[in-house]
Each structure stands twice: as structure tokens, then as C-alpha cells.
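The figures here come from the full heavy-atom set of this structure, side chains too, leaving out hydrogens, waters and symmetry mates. Residue numbering restarts at 1 for every chain, and letters A, B, ... go by the order of the sequence lines.
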Amino acid sequence: MTAAASLPAGRRARWRRIAGDRWAVTGAAVVVGLLVIAAAAPLLSAVEGQDPYTYHLDALDDSGVPRGFGGGISARHWFGVEPLTGRDLFAIVVHGARTSILVGVAATALSVLLGVLVGMTAGFFGGWYDRITGRAIDVLFGFPTLILMIALGAIAPAALPKPALVVGVIGLFGWPGIARVVRGQTLALRGRTFVVASVSLGAGPLHVLVRQILPNLGATIIVYATMLIPGMIGAEAALSFLGVGVPPPTPAWGRSIGDAIAWVQTDPMFLVFPGAALFLTTLAFNLLGDGLRDALDPRTAGVAR
Amino acid sequence: MTGDDDLLTVTDLRISFDVDGRAVEAVRGVTFGLRRGRVLALVGESGSGKSATALAALGLLPATATVAGSIRLGDQELVGADRRLLRTVRGGRIGTVFQEPMSALNPMFTVGDQIAEAVAAHRPAGRDALRRRVRDLLELVGLPDPERIARAYPHELSGGQLQRAVIAMAVSCDPEVLIADEPTTALDVTVQAGILDLLRELRAKLGTAILLITHDMGVVADLADDVVVLRDGRVVEQAPAEQLFARPGEDYTRLLLSSVPGRTSSPRAVPAAGPPLVRLDHVTIDYRGRQGRRVRAVDGVSLDLRAGEIVGLVGESGSGKSTLGRAIAGLVPVTGGALEVAGTDVAAARGHARRLRAVRARLGIVFQDPASSLNPRRSIAGCVAEPLLLHSHLRGAALDSRVDDLLDAVQLSPSLHERYPHELSGGQRQRVAIARAIALDPALLIADEPTSALDVSVQARILELLAGLQRDLGFACLFVSHDLAVIEQLADRIAVLHEGRLVEEGPADAVLGSPREAYTRRLLAAAPVADPAEQRRRREARAALTAIP
């Protein structure tokens, strides 16, 4: 009993736990691969000799359907071309990774920032402030978020850059979950002796929040951020699917998927490539997030697998 | 020491745990035998493998453990036994009492139902028969009004009552062996004395052999017939209790015995009477309980602390001693009365950040559990630097050198300065906490049970360190503890708290030598001493004390 209780909780042990989780490692590898693809998107499409904007009407037949096998897959167009326009699908998918990851990560950053700020202060100060933020979180949870996002996207002035608007809208509705978790953790940490000790030394609230509590929330924040990203990417895709996301001609997986629905009978590969990219991305981030949680969360750390 | 009449025989037991791919040995070849109707104590400090040994007998070790060697109950081998056999043994032939009675019972069921379930698991019977059996058992363990207790849920009973109920459950199937794993560690001394009496009585009545696991030499002296001393998973010494206490054969046993706190030094020169540093005048502290009910934690306590003296604040759990310590630091609001530290009214300073800061700059606190009082994400040096960053202008190299001096003062080697709290032992962590508390050269040090979470040999060294620092730095010290022996070793004056009230207060010798109040006498009599003969005499004296109400 006594020997088992003194498990080393060191950094090295944590790394070993992540490395031993095959799914988490796979997820991490795919995520890294995606980041590389997104960063090198122009380079990759240059290797193919295409870009995502140029029309190739010669690759289409008279009704606008791509000529040839699998939506026009060929040495020139690796994933085939888009129906009606003949734009290169490979270039669209790799450039779409940029949009998805950029919007997903930026919206997550915004949500995490808001959530941590609100959750930490609510948990630490308590009282009426905590009650008000608690109600606000309840309201946001019960809100038909998607409908509001669509409405906002439709009425927003055209001068506002659309990607920024999408990031703002998704990010502003994404923080309640993490705020609740952080509030709970802060509440628990506030009662821990080292926080009481710091207060008894004469530390003010800002010092306690930043120096004592925040470092101990690190693991929670990392895990939650990783688990939030796929949801954010999905939300961006949903908005683009509905036509209120990132505007054309900027490539976006969601919009391609939305367009592909109409062509699924005649050109199924137009749906498969962006769909698979979106699926792989969200799955990889989820696997990585799960693995990180298992490795970092002390409550699941002791569970033998 | 194994013989033919042994009931439980452990031979060359080896247990190792798989910790992240490495095998960590917890028990390395332990051999002993438990005889019918005897109490065998497994004694050792944390990490000695005493609990692992007991859990192995029940087959309750986690899946990461590897067990080798032999544990025989009568003629049955328990190591590697199949589950069906182990189920008949657990609860049937071996009963178990755990440390925390509150977590040993399911909060969703009544105590009676849970005991009935334990009985029915081995001896199915009708409802009426079960109910009668439960009532008999609760009566056997000395619980008054067994009908009411059987209907009660765990949260409605006190710790002592719960532990009696757990013992009733453990003996419900007339086990041959009772394993008691630190059965009184979570209890107050007066409650502990009752539980130890109960165990002694049960052994006499039922003839049960008891395997007692404990770190407390006083408990051993009170109950055990034979003692096995464990250290790092090995048997250091085994002998009958009388012989072990009178003539310990090994150095480690002698160290354990000499670490048991008690009056060692001659009384110190009492510091000159001056104006009190801390003045409590009819201090009352209320907590707001559930549904707006107010709970009075401290009730009209008046107490003075002069500069440079050590005052011991003794009391059982719920006596308000920790609350009082925290109120002095301004961590808990005072409901009524006056509380002054160095001339500043702490009660009035709450809400005035600057005045409270000024008070806090003059005092240091050492908390009970060093594992949680240090921020796990900061290095040792960072923890000690915190008060200096908050209250002084020391920065850079000057700050580093002051931190080094402080860590030197608590005798921590320089190689540890950049380590993190989880890499240190409990005693080392408490030294860090002490270094942090004395960083600002405080006028007052509040020590809130600073050694309760530590092993006895470590406790002895921490107490020595505190006494030495107090001599050198001359701060006043409010030493809060439930342990009279610890207080006895350090304090100039002693204040006894009971249910929020100050029962008795005076010079240490007077309070301990000739206590005026009945409660103090009960407290003194209940604390076990590490000497079987002396303990027997005290037990008889206590029986006489409780016989006359």
C-alpha cells in the first residue's frame, strides 16, 4: 500500500505513458503531418503544378462533370478536379487544411483564454461574481448556438473580414465548457494548503492566481485545448457547409463537402477527399487529446491498462 | 519464530510492485507466525511494507504487485490461491479493520444493513436471525442502543462509533484472525483508548488472533504480545513485547523507541514577562454551516502569548485548535472578542489588505501536511523565495543567497535547491516549509500539527530542528497538536482546548504534572506510552478514572 502510493509522477514517466499509448502516438503523428501539409500547402500544389484557384474547363465534359476515372484523377490532377469549375481538388484539400487548422486553433485559443479567465476568477473569488458567470454559462450551454452563428454570419457587415468573424463567433461560444472545468479545479486548488500558505504569507489575489493556481492548471488547459480543436474545426466546416463560413474562393473543406453533396451520384470522389481530410483531422486531434488526458490527469494516471 | 501452533504463518514473503515498467520491491523476505489468541504487531515507518504484507494475506494487492513466498492460514496456502477460496477466507476466516472508518463503510446504506450483508455473505440466514445477529454484534463491540445504531447511516455516527461498527463487521463471522491496519490512527486519543480496550476484550472473549499494523509504539505497548519490526521490507527484529521494549536488540528498534516524543530536556528559562505579542480576549469564531446554521468552533477563548515563548495548544479533532491558529494569521474571520498580534487588531484588519499584510509579514505558518503546503509546480528555492519576494526588496543574487542561508538553517543539502516538492521525502518537505515560515525572521511562528503526517523518527528530528531554530531566532511559537507527548517536549506553557472552550492553561509542568481539570486528566490518561508495564498501570488508572464519573 505504502510503496504503491509513492508512484513517481515525474515528467519522464508521463512521456513514457504517452509513448506507450499507440493511439495517442498515431494521433500525434497525423496532427504533425497535417501541420506540415498546411504549412507547405503552396509548395505541395506547386509540386503537382497546380493551384486552387485556376479553372480547368478542359478537364470537364459538356455537363460540367469531370472527365475520366474517379472525378478526373490523373497525373496532372492527383485528386481529380472540382465539377463545374475544374479547379484542382488536391490543391483545394491541402489549402483547405490551412483554413481549417487556422480557424480551429485561433477559435480554440480565444475560447481557452476566455474560459480560463472566467473560470479561474469565478472559482477563486466566488460570491455574486461566481453566480453571475455560472448563470451566463448555463445560458450559453442552452443556447441554439448554430442558429445564432448562421444569423450573425448573414447580417455581419461585409467590411468585416470573414475568417476573423468565423473565429470570433465560434470562439465566443466555445468557452463555457472549459470555464466550468477550470472553475471546479480552481475551487479545489483554492482549498489546498499551499494556496492557504501563500495567502498567509501576505500574497495578494493576483499573485496567488498567477503564481500558485495557474501553473497547476497547465495540464487541464493543454488537454482541454487539444480536445476543443476538433470541435472547432467541425464548427467551421459546418458553417462553411451552410455557406456562412469562409467565403469563396478561399478553399475550405466544409464548403467543398457542401458542394459535393449535389454531385454525390455522378462524382462521389469530390465528397470523399475533403470528407476524409476532415474526418482524419478531427479523429487525430481527439486521439491525441485522449492520450494527453490519460497521461496528464492524475485521476486516470494510476489506472493500469 | 514460527511454530506448530501458529495460525497464520508467513514464510519468506516477497512483494514487488511494477511502477512504470520497473519492479520496486516493497517486501523482501518477511517471515513470522501469528499464534491463536495472541496479538502480533507489525511495526514500521511508512514504506516498510507492513500494509502490503497484510493486504497480501487477503489477496487484495493491486494487479501490479507480484507476490512470492508463502502465507498459510492453518493448512491452507493463500499466496496464489484461487478466488473462491480467497472469498471464503476474506471476512469468513480473516476479518479486517481499516484505518479510515468513514471510507470503509458505504455512505448509501445503514450500518445495520452493511453488517447484515457481511454476515449473509458467509452464513445466509433469515431476516429476523440476521437482525438479531447484527444487534448482538453491535452490543458486543460496546455500542449503546444497538437498534438505533443499526438504523443509522455512516454520516450520522462519530469516528469512534463507526470504527466499532467496522470491527463488528470484521468479527461477524467469528474469524480466526483479525487484521487491524492502523485501526486508531484516524481517531482521537480518548477514542483510541476505547478501541484498543475493545480489541483486547474481543481477543479475550472470542480467542481471535490479531495482526496489528501500526507505526505507533504506544499502541504496540498497549496491545501487542509479540512485535515484528519491519524496515524497508525486511524484518529487523522480532520479540515478545515486554522484551522488545525493555531490551531492544537492534539499533533500529532503539532508534524507533528513542524517537517517541517525551520530556527530554530540563525546563527552559522562562522568558521575561513583557507585553504580550498575541492577545486573545474572549475570542469567538463561528462557521456558517449548512442551511445557514452557525457552528461555534471557538467559544470565548482568552490567551496571551509573550515574545519568545512556546505555547502548546492541545485538543482533539473539532476542539477548534487549528481554527484558532488560522484566525491569528487572519485566515479565518473572528466573530466576537478581540484578537491582537503585535498591537494590531487582526479581526479589524481583515478587509484592509495593507494592515493584514503588515501582520502577516511578522508571522510564519507551518502546516500539517508538507505534501500539500508546497506548490507542486515550483522548485524548493522558489517556494522559500516567495515570502521574500512579497515582503522584501531582495532580488537576484541577494535573494538567492538569502534562500541558500535559509535552506542551510533547516539543514537541507544545497543539491536539493532546484528540486521539486514531489522529489523530496516528507521530512525534507517539512524542512522546506519551515524555511519558508522563518524567511522573514518572524516574531511569531504558528505550527499547525507540523509533525502529524511524518514518521516518528522524522518527527523527532523536525521537533529538534524547531526547538533549535526557536533558541537561535527567539520567535514566539504557537504549537498546535493533538499529541500531548509532542507538546510536552517543546512547550513552555500549555493550553488545553475542548469543544471550542479553553479548559485549562498554565506552565507545562503544572498542566501535565497535576492537571486541575477532569478533561485534561482523561486526555493524559488516554495517551499511550511506549512501555508495556507502565501502559498497563496507566490503563488500570484510567479504568478507575472513568469508573467514578
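Atom CG in A:L34 sits 7.0 Å away from atom CZ in A:F285 (nearest 0.5 Å).
Salt-bridge check for B:E45 with B:K50: failed, with every basic side-chain N at 4.0 Å or more from each acidic carboxylate O.
Of all heavy-atom pairs spanning B:L444 and B:L478, the tightest one is CD1-N, 4.1 Å.
Between the side chain of B:R402 and the backbone N or O of B:A385, no donor-acceptor pair lies under 3.5 Å. For the pair B:R360 (side chain) and B:G330 (backbone), a donor-acceptor distance under 3.5 Å is present. Within the 3.5 Å criterion, the main-chain N or O of B:D232 finds a donor-acceptor partner in the side chain of B:R28. When atom types are taken as modelled, the side chain of B:T214 and the backbone of B:D216 share a donor-acceptor pair closer than 3.5 angstrom. Within the 3.5 Å criterion, the main-chain N or O of B:G427 finds no donor-acceptor partner in the side chain of B:Q430. With hydrogens and angles disregarded, a donor-acceptor distance shorter than 3.5 Å links the side chain of B:S379 to the backbone of B:G382.
With a 4.5 Å cut-off on non-hydrogen atoms, B:L389 touches chain A through its side chain but not through its backbone.
Highest contact tally toward chain A, considering only B:L390, B:L356, B:I446, is held by B:L390 [criterion: heavy-atom pairs under 4.5 Å]. Of all the listed residues (B:A361, B:A329, B:P387), the one sharing the greatest number of non-hydrogen pairs under 4.5 Å with chain A is B:P387.
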Verify side chain to side chain contact (heavy atoms under 4.5 Å, CB included) between B:E449 and B:K321, making sure each step is shown before the conclusion.
CA-CA 10 Å; B:E449 303 257 14; B:K321 57 187 192 303; 3.2 Å; yes
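At most 12 heavy atoms of other shown residues, nucleotides or ligands fall within 6.0 angstrom of atom OH in A:Y224.
Scanning residues 190-197 of chain A against chain B with a 4.5 Å non-hydrogen threshold yields A:R192, A:T193, A:F194, A:V196, A:A197, sorted by number. Among residues 129-138 of chain A, no residue has any heavy atom closer than 4.5 Å to a heavy atom of chain B.
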